[in-house]
Every structure is written in C-alpha cells, then in structure tokens.
Number of protein chains: 4
Amino acid sequence: MSPRRRDTEGTAAARAERRAELLAAAAEVFASQGYAATTIRQVADAAGILGGSLYYHFDSKESMADEILSTFLNEMWASYERVLASGLDARETMEAIVVESFRSIERHRPAVVLYQNESKHLAAGERFRYLLDSHRRFEAMWTALLDRGVEEGAFRADLDRGLVYRFIRDTVWVAANWYQPAGRLSADDIAKQYLAMVLEGIQATRAT
Amino acid sequence: MSPRRRDTEGTAAARAERRAELLAAAAEVFASQGYAATTIRQVADAAGILGGSLYYHFDSKESMADEILSTFLNEMWASYERVLASGLDARETMEAIVVESFRSIERHRPAVVLYQNESKHLAAGERFRYLLDSHRRFEAMWTALLDRGVEEGAFRADLDRGLVYRFIRDTVWVAANWYQPAGRLSADDIAKQYLAMVLEGIQATRAT
Amino acid sequence: MSPRRRDTEGTAAARAERRAELLAAAAEVFASQGYAATTIRQVADAAGILGGSLYYHFDSKESMADEILSTFLNEMWASYERVLASGLDARETMEAIVVESFRSIERHRPAVVLYQNESKHLAAGERFRYLLDSHRRFEAMWTALLDRGVEEGAFRADLDRGLVYRFIRDTVWVAANWYQPAGRLSADDIAKQYLAMVLEGIQATRAT
Amino acid sequence: MSPRRRDTEGTAAARAERRAELLAAAAEVFASQGYAATTIRQVADAAGILGGSLYYHFDSKESMADEILSTFLNEMWASYERVLASGLDARETMEAIVVESFRSIERHRPAVVLYQNESKHLAAGERFRYLLDSHRRFEAMWTALLDRGVEEGAFRADLDRGLVYRFIRDTVWVAANWYQPAGRLSADDIAKQYLAMVLEGIQATRAT
DNA sequence: CATGAATGAGCTTTCATTCAT
DNA sequence: AATGAATGAAAGCTCATTCAT
C-alpha cells in the first residue's frame with residue numbers, strides 16, 4: 001500500500017465523515033420541520049456552513065434525503081436479516097424484530113421520522129423506488145411471520161391478518177415521533193412493554 | 001320567515017356549501033401530497049377553478065388548513081363529549097371512544113391525515129394554538145380513562161401508562177393513512193378488531 | 001317637451017349624479033392612498049357598493065381618474081379664462097389667478113391632490129395627453145403674465161423667470177395636500193396671505 | 001491592522017457599496033414611476049440583475065424604500081444640526097438651512113422625491129414611524145426659527161406663522177421634482193434666488 | 001343597478017441551484 | 001472546502017376586470 005494510496009484513503013474517509021456529519025444535521029432538520037418545508041439554508045445553518053457549500057458535498061436536496069433514507073434502510077434490513085437467519089420460531093422472531101426496530105429508532109431517529117412522514121411523497125420519484133421495494137418486503141416479511149405464528153399456534157387465528165400487519169407496522173415506527181434517546185425508557189424497555197401490550201393486550205386477565 | 005330572510009339564508013348557505021366543497025378538495029390534496037408540498041394551483045385544479053379564485057373564498061393557504069382542521073376537531077370533540085357524558089365504565093368508554101375515532105376517520109379521512117402529519121409543524125403558528133390545546137386535552141382524557149380503568153380492575157396495572165397512551169393514540173389515528181372508505185372493512189369493523197387486539201392481545205390464549 | 005323626453009332627462013341626470021357621487025368617493029380615496037396603491041375595492045367600499053358594480057358606471061380605474069382630472073381641469077381653466085378676459089393689469093391678474101386657484105383647491109381638493117401627485121405618472125398614457133397640454137398652457141400663461149408684469153413695472157426684473165414660475169406653480173398647488181375645508185382659514189384668506197408672501201416677501205421692511 | 005482585519009473590512013465595504021449601488025438604482029425608479037407603481041423587476045432591470053437577486057441584499061421592497069429614506073434623512077438632519085449649532089441669527093440660519101436643503105436635493109434628488117411623494121402613504125407602516133418623527137421635528141425647527149426671526153425683527157409679524165411654515169417647507173422640497181443636477185442652475189444658485197423671492201418678494205420695490 | 005363568483009395577468013417573494021473566487 | 005452573489009423557476013397572493021343572475 002503506497003503512501004499515495006494511504007493519503008487518498010485518508011481523504012476519502014475524511015470526506016465520508018464530513019458527509020455523515022452533514023447528513024446528520026440535515027436529517028435532524030428534515031425530521032423536525034418536514035422535508036418540503038425545510039430550506040437548504042436551514043440545513044446549512046444547522047451544519048454551520050452556507051447554503052451553497054452543501055453543493056460541494058451533495059448534488060441536491062433530494063440526494064441528501066436519498067442518502068439518509070437508504071443508509072437507514074440498509075442497516076435496518078441487515079439487522080432484520082440477521083434475525084430471520086437465526087432459526088427462531090415465530091413468536092421469538094417477532095420479539096427480536098420488534099427489538100431491532102426500536103433499536104433502529106434509537107440509532108436513526110431522524111431518519112425514521114423522515115421515512116415515516118415523507119416516504120409516501122418521496123416514493124413518487126424514480127430514484128426512490130427502493131422505498132416501495134422496502135415497503136413491499138416489509139409487508140411480505142410480516143405477513144409471512146404472522147401466518148407462521150398462527151400455524152405454530154403462537155398467534156390468534158381470529159384476527160384480520162392485514163389489519164394486524166398494519167397495526168404492528170404503524171405502532172412501531174410512529175414511536176419515532178416521540179422517542180427521546182435521553183428519556184426515561186431505553187429502546188429495549190420500550191420494546192418489552194410494547195410486546196407485552198401487543199401480545200397480551202391491555203385488559204386485566206380474568207382471575208382464574 | 002320572510003322572503004328577505006329566506007334569500008339571505010339561501011345566500012349564506014350557498015356560500016357555506018361552496019366553502020365546504022373547496023375545503024374538501026383542498027383537504028384531499030393536502031392529505032395526499034403533504035401540506036407544504038401542495039401548491040395552491042393544485043388545490044384549485046382539484047376544485048376546478050383557477051388559483052386566484054380560491055382567494056375570493058379564503059384568505060390564505062394557511063386559513064384553508066385552519067378551517068379543515070378546526071372543523072374536524074370540533075366535530076370529533078363533540079362526539080367524544082357525548083360518550084364521556086353517558087356514564088359508561090372505563091372499559092365501555094374506551095370502546096366507545098375508539099369507535100367514535102374510527103368513525104371520525106371515516107367521515108374526515110383527509111382532515112385526519114392532515115392532522116396526523118402536519119399538526120406538529122403547523123402548531124408553531126399562533127393561529128394553530130388550538131392544535132396544542134386539543135393535543136393536551138386528548139392526553140388528559142386518555143390518561144384519566146386509563147387510570148380509571150386500572151382502578152376499576154378493567155386494565156392491567158403493570159404497564160407504563162404514558163406508553164400505553166401513546167400506543168393507543170398513535171394506532172388509532174395512523175389508520176387514517178391507509179383507511180379506504182370503499183374498502184373491505186367498515187369503520188366499525190376496524191374498531192372491533194382494533195379493540196380485540198388492544199384489549200386481548202394477538203397471542204393465542206394458553207391451551208384451555 | 002314630451003314626458004318621454006322628461007323621463008330620459010331625469011334618468012340621464014340621475015345617472016350623472018350617481019357618477020359624480022362615485023367619482024367623489026374615488027377621488028377621496030385616490031388622494032389619500034395614492035392612485036396606484038388604491039384598489040378598486042377600496043373605492044367601492046367608500047361608495048358603499050361592491051367592486052364589480054363600479055364597472056356598470058365606468059370602464060376602468062383609469063377612466064375614473066380621467067374623469068376626475070378632466071372635470072377639475074375644465075372648471076379650473078374656465079375660471080382662469082374668465083380672469084384673463086377681464087382686462088386686468090398683470091398684478092391684478094396674478095392676484096385673481098391665485099384666488100381662483102385656491103378656490104379650485106377648495107372645491108376639488110382630492111382632484112387637485114391627484115393632479116399634483118399622479119399627473120406625472122399618468123401622463124405617460126395616451127388618454128391623458130391633455131394633462132401635458134394643460135401643463136404647457138399653464139406654463140405659457142404664467143410666463144406671459146410674469147413677463148407682462150415686469151414690463152408693466154409691477155414685478156422685479158432681477159429674478160430668473162423660470163424659477164419664479166415653478167415657485168409660484170408649486171406653492172399654489174402643493175397647498176392642496178394640507179388644505180382642510182373645515183380649517184381655520186378660508187381659501188380666500190389663504191390666497192391673501194399667500195399673495196402677501198409672494199409679492200412682498202417675509203422679511204421685515206426696513207424701518208423708514 | 002492585520003490582513004485578516006483588512007479582508008473583513010474589504011468584504012463589508014464591498015457589500016455596503018453594492019447595497020448603495022442597488023439603492024441608487026431603486027431610488028431612481030421609485031422617484032420616476034412612483035413607489036407603488038414600481039415593480040421589483042423594474043428596479044432589478046435598472047440595476048442590471050434579476051428580480052430575485054435583489055432579495056439577496058434586501059428583505060423586501062419596503063426595506064429598500066426604508067433604507068433610501070433613512071439614509072437621506074440622517075444626512076439631512078446632520079447638516080441641519082451643524083447649521084443650528086453654529087450660533088447664527090434667525091435670518092442667517094434660515095439662509096443656511098435653505099442652502100443645505102437645496103444641497104440635499106442635489107445629492108439625494110431621487111430620495112427627496114420619494115420622501116416628498118410617498119412619505120405620507122408609507123408613514124402608515126410601523127417601520128416608517130421615523131418619517132413622522134422627522135416631520136414633527138422639521139415643523140418644530142421651522143416654527144421656532146420663524147418665531148425667533150420675528151422677535152429679532154428680521155421677519156414680518158403680520159403673517160400667519162403656520163402658513164409661512166408650510167409655504168417654505170413645500171416650496172423647498174417640491175423643487176426636487178424638477179431639479180436637474182446637469183441643469184443651468186446649481187443648487188446654490190437656486191437657493192440664492194429662492195431666498196431672494198421668499199425674503200423680499202417678487203414685486204418691484206417702490207422707487208423711493 | 002347591483003351582486004358575487006370567477007378570471008388571469010402580474011406582483012412580491014422564496015428557494016434550490018450554480019459558479020467564479 | 002467554503003463563500004457569496006447571482007440565477008430563474010415557481011410559489012402564494014393581489015387585483016382590475018368580466019359576466020350571469
């Protein structure tokens with residue numbers, strides 16, 4: 001490995017790091033103001049540079065959103081794949097997936113908010129087709145998981161599967177809107193309580 | 001009733017009706033494109049008139065959102081008040097409130113989507129302070145209801161109350177994003193399934 | 001004179017009267033807000049009707065200004081002609097013209113303000129060419145009068161004639177901006193004081 | 001002075017100079033077309049840039065007018081203060097103030113025209129309150145000066161003081177409407193003739 | 001005569017984007 | 001890398017004007 005090569009790597013790494021910083025700032029602003037309502041200047045202000053300077057790093061506002069979302073989704077799917085590959089039964093798989101989801105929110109809260117609030121609108125553009133793909137894949141995963149759970153006798157059979165799917169999907173991700181990393185509950189705490197609610201319900205169990 | 005009176009009423013009613021039509025069109029577009037991303041021309045196109053003509057009826061884009069949201073919230077709270085005044089126990093009250101919520105979604109789907117997706121951003125403006133008020137009132141109502149349910153022995157006591165509140169709040173309203181009036185399930189069907197999930201959980205009951 | 005004829009006259013007179021009322025309202029608003037900054041709705045509000053209704057009486061906003069200005073100028077020139085035809089010497093003529101000018105202001109204050117403030121801008125349009133004509137005629141009249149006064153030994157010969165002309169022209173008309181018909185001084189009072197200043201100056205005469 | 005400091009100053013100075021250029025162009029157009037009748041595009045055209053570009057330098061059309069007027073008024077009052085502080089008698093003070101006024105017109109003709117024609121309308125807005133303040137201050141200065149002149153035996157006592165004030169105020173400033181820097185007469189020439197007229201009057205002195 | 005809904009051109013302003021420095 | 005001035009398209013909004021009633 002030549003010194004030249006090393007320099008280039010160093011530079012490339014530095015550049016990647018700067019991009020990550022800027023994207024973090026952008027994600028925060030996009031999440032709190034909404035993507036369309038956020039101006040490039042607001043992003044730049046949050047990053048401590050001027051508007052024009054962002055274009056040295058990124059092609060466009062859209063490409064920032066793109067990179068924020070795809071980074072998050074890639075990581076999320078990687079964690080899901082790990083769970084799905086570990087041979088757990090349906091009930092255990094569901095628990096693990098939910099735990100991973102709340103951990104995703106913990107690590108990528110602004111990206112998740114962006115995903116939750118804007119993916120429907122962004123998905124219209126060609127470059128965001130992967131959002132639809134991810135959506136379909138998500139639905140397929142959960143649908144299969146719920147079916148398997150019913151087969152395995154873990155989940156009730158008398159509920160509308162589509163409804164249960166939407167119910168779980170929405171409640172998990174919508175939590176990103178109020179989750180505060182510094183708050184009282186950790187992501188794992190929330191996951192545990194959430195699973196308790198979803199699996200056992202909130203009504204008091206009849207005294208047996 | 002004099003003819004004069006009749007005329008005046010007719011004109012006022014006609015005007016109110018036209019406003020309602022235009023607001024329905026606006027709500028639809030705001031809901032599907034997002035408020036900030038929607039142009040006044042898109043609203044006007046949806047209403048079949050020209051952009052400038054909307055300003056004969058409304059002061060601004062913002063005042064359209066205002067009227068859409070306040071109309072919806074007023075009606076929603078009226079229905080909640082009816083439930084709360086009818087002397088039901090906590091469990092019954094919860095069921096009735098959930099049913100009313102899904103009926104609200106059925107009648108005002110675009111307004112609910114707007115509320116769900118944009119109220120956080122809009123609430124920054126002075127004129128939308130009532131959104132925060134409504135939010136607080138909503139939280140107070142549910143918190144009191146959940147506490148009463150625990151006291152009455154209807155709801156489990158081992159769950160985090162704040163978490164349960166958010167869980168219920170989000171899952172009810174987020175449904176507006178996918179609800180289709182013409183779909184397979186009626187609002188009351190969805191409410192019933194939703195209550196089954198939330199109250200009893202989705203896991204299969206232990207072998208009897 | 002047939003009854004028919006009488007009716008028509010009555011109608012025409014009524015129409016003319018209505019026009020005059022509306023023009024008076026328009027002139028007032030044009031004068032206080034400025035022509036360009038005045039909306040047709042403001043004029044209509046001042047007249048107690050709706051914006052669209054003005055177009056039954058007038059072709060356009062411009063034609064209102066046109067009629068206001070030409071009515072005023074016609075009357076003003078008629079009064080000037082009367083003075084000029086009465087065989088007075090230069091000094092007497094000047095006094096009479098100034099008196100007539102302040103009386104014009106008294107009768108047509110808003111029109112004079114409009115003339116003073118907007119004629120320069122309006123004169124760009126073809127239909128307002130008469131404003132330029134009036135302006136030239138005004139200049140010719142005063143220039144001739146001042147020259148005659150010098151010849152007759154009534155006016156000083158050591159002043160720049162062009163400057164004196166502008167001085168007189170401006171000070172007379174600019175008074176319309178502050179003149180209040182209900183004020184302390186009548187038009188004739190003002191004319192008298194004004195003439196004293198212009199003719200004799202404001203400095204105390206050296207003790208003789 | 002460090003190079004760093006120099007750079008900063010250079011940049012700030014360059015920016016101020018650009019603003020001044022753009023304001024000069026704006027003032028010219030405002031003065032010739034009228035403020036309300038001038039479009040931002042006309043200003044931009046006069047400055048050789050595009051309409052949107054003006055907003056890099058200024059917040060709004062209004063803020064351009066604001067800066068034009070306040071710059072002019074500040075300079076004018078500074079020159080007046082210099083005169084008032086120099087211990088002249090009333091007659092000399094008046095002469096000096098008039099001279100300074102015509103010099104103000106010479107240096108800021110478009111600003112003076114704007115002031116003359118639009119300040120009444122603009123003063124309605126909160127941000128232009130200083131126009132009213134300046135107006136009151138102007139009146140107080142002249143009123144006091146005229147009174148002092150009467151006391152000192154320099155000015156006639158038989159004229160209405162309010163009228164004399166308006167007479168002088170208007171005739172001085174209205175000159176901005178026709179003054180041409182490249183014309184036959186310099187500002188000081190005009191001031192001299194103006195003072196001759198106002199002080200001594202235009203009538204021929206009776207041969208003694 | 002007057003209304004009131006609608007038109008459509010044009011306005012001020014915003015903002016993503018470019019580019020010479 | 002970053003600046004900052006400029007671009008230019010498009011936004012929200014205004015308003016003179018029209019016209020069926």
Side-chain angles (χ1 to χ4, degrees), chain A residues 11 14-15 18-19 22 36-44 47-64, chain B residues 7-8 11-12 14-15 18-19 21-22 36-44 47-64, chain C residues 11 14-15 18-19 22 35-44 47-64, chain D residues 7 11-12 14-15 18-19 21-22 36-44 47-64:
Chain A
T11 308
R15 177 174 293 202
R18 188 72 179 115
R19 286 176 79 85
L22 297 174
T38 298
T39 71
I40 227 66
R41 267 202 65 186
Q42 289 174 313
V43 172
I49 58 177
L50 291 181
S53 306
L54 281 173
Y55 288 82
Y56 178 80
H57 301 277
F58 303 99
D59 284 346
S60 64
K61 185 184 178 185
E62 223 184 13
S63 75
M64 291 185 222
Chain B
D7 272 350
T8 307
T11 310
R15 181 174 289 204
R18 188 72 179 114
R19 284 177 81 87
E21 275 172 38
L22 297 173
T38 297
T39 71
I40 228 63
R41 274 199 56 188
Q42 289 173 315
V43 172
I49 58 178
L50 290 180
S53 306
L54 282 173
Y55 289 84
Y56 178 78
H57 300 276
F58 304 99
D59 283 344
S60 63
K61 185 184 177 186
E62 216 184 47
S63 75
M64 291 184 222
Chain C
T11 308
R15 178 174 293 201
R18 187 71 178 117
R19 284 176 82 86
L22 297 173
Y35 174 73
T38 297
T39 70
I40 227 63
R41 265 201 65 185
Q42 289 174 313
V43 172
I49 58 177
L50 291 181
S53 307
L54 282 172
Y55 287 82
Y56 178 80
H57 301 277
F58 303 100
D59 283 346
S60 63
K61 185 184 178 185
E62 223 184 13
S63 74
M64 292 183 223
Chain D
D7 271 350
T11 309
R15 180 174 290 206
R18 187 73 179 113
R19 284 176 80 86
E21 275 172 40
L22 297 173
T38 297
T39 72
I40 229 62
R41 275 199 57 188
Q42 289 174 314
V43 172
I49 59 178
L50 290 180
S53 305
L54 281 173
Y55 288 83
Y56 179 78
H57 301 277
F58 304 99
D59 283 344
S60 62
K61 184 184 178 184
E62 214 184 50
S63 76
M64 292 184 221

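The sequence lines fix the lettering, A, B, ..., with proteins before strands; numbering per chain opens at 1.
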Find the distance [X]:[atom1] to [N]:[atom2] and express it as a whole number of Å.
X	N	atom1	atom2	value
Leu54(D)	dT7(F)	CG	C1'	12 Å
Leu50(B)	dC13(F)	CG	P	16 Å
Gln42(B)	dA10(F)	CD	C1'	12 Å

Compare the minimum distances between each of [options] and the side chain of [X], then state the nucleotide with the smallest one.
X	options	value
Tyr56(D)	dA1(F), dG4(E), dG4(F)	dG4(F)
Ile49(A)	dT7(E), dT3(F), dT3(E)	dT3(F)
Arg15(B)	dA6(F), dG4(E), dA5(F)	dG4(E)

- Compare every heavy atom of Ile49(B) with every heavy atom of Ser53(B), then report the nearest pair and how far apart it is. CB-CD1, 3.8 Å
- Message: Strictly below 4.0 Å: does His57(A) bring a side-chain N or O up to OP1 or OP2 of dA2(F)?
- Response: yes
- To the nearest 0.5 Å, what is the distance between CD (Gln42(A)) and OG1 (Thr39(A))? 4.0 Å
- Query: So how far is it from Ser60(C) OG to Ile40(C) CD1, rounded to the nearest 0.5 Å?
  - Reply: 8.0 Å
- Applying salt bridge (Lys or Arg N to Asp or Glu O under 4.0 Å) to Arg41(A) and not counting sequence neighbours gives none
- Heavy-atom protein contacts under 4.0 Å, nucleotides 13-21 of chain E, coded B base, S sugar-phosphate only, - none: BBBSBB---
- What pattern of brackets, bars and dots sums up DNA chain E from 5' to 3', given Watson-Crick or G-U wobble pairs under 3.5 Å, [ ] for crossing pairs and | for another strand? .||||||||||||||||||||
- Query: Is the closest side-chain heavy-atom distance between Met64(B) and Leu22(B) below 4.5 Å?
  - Reply: no
- Please step through side-chain contact (heavy atoms from CB on, under 4.5 Å) for the pair Arg15(A) and Arg18(A), ending with a clear verdict. CA-CA 5 Å; Arg15(A) 177 174 293 202; Arg18(A) 188 72 179 115; 5.7 Å; no
- Say whether, by atom type as modelled, one donor and one acceptor occur between the side chain of Lys61(C) and the main chain of Tyr35(C) under 3.5 angstrom. yes
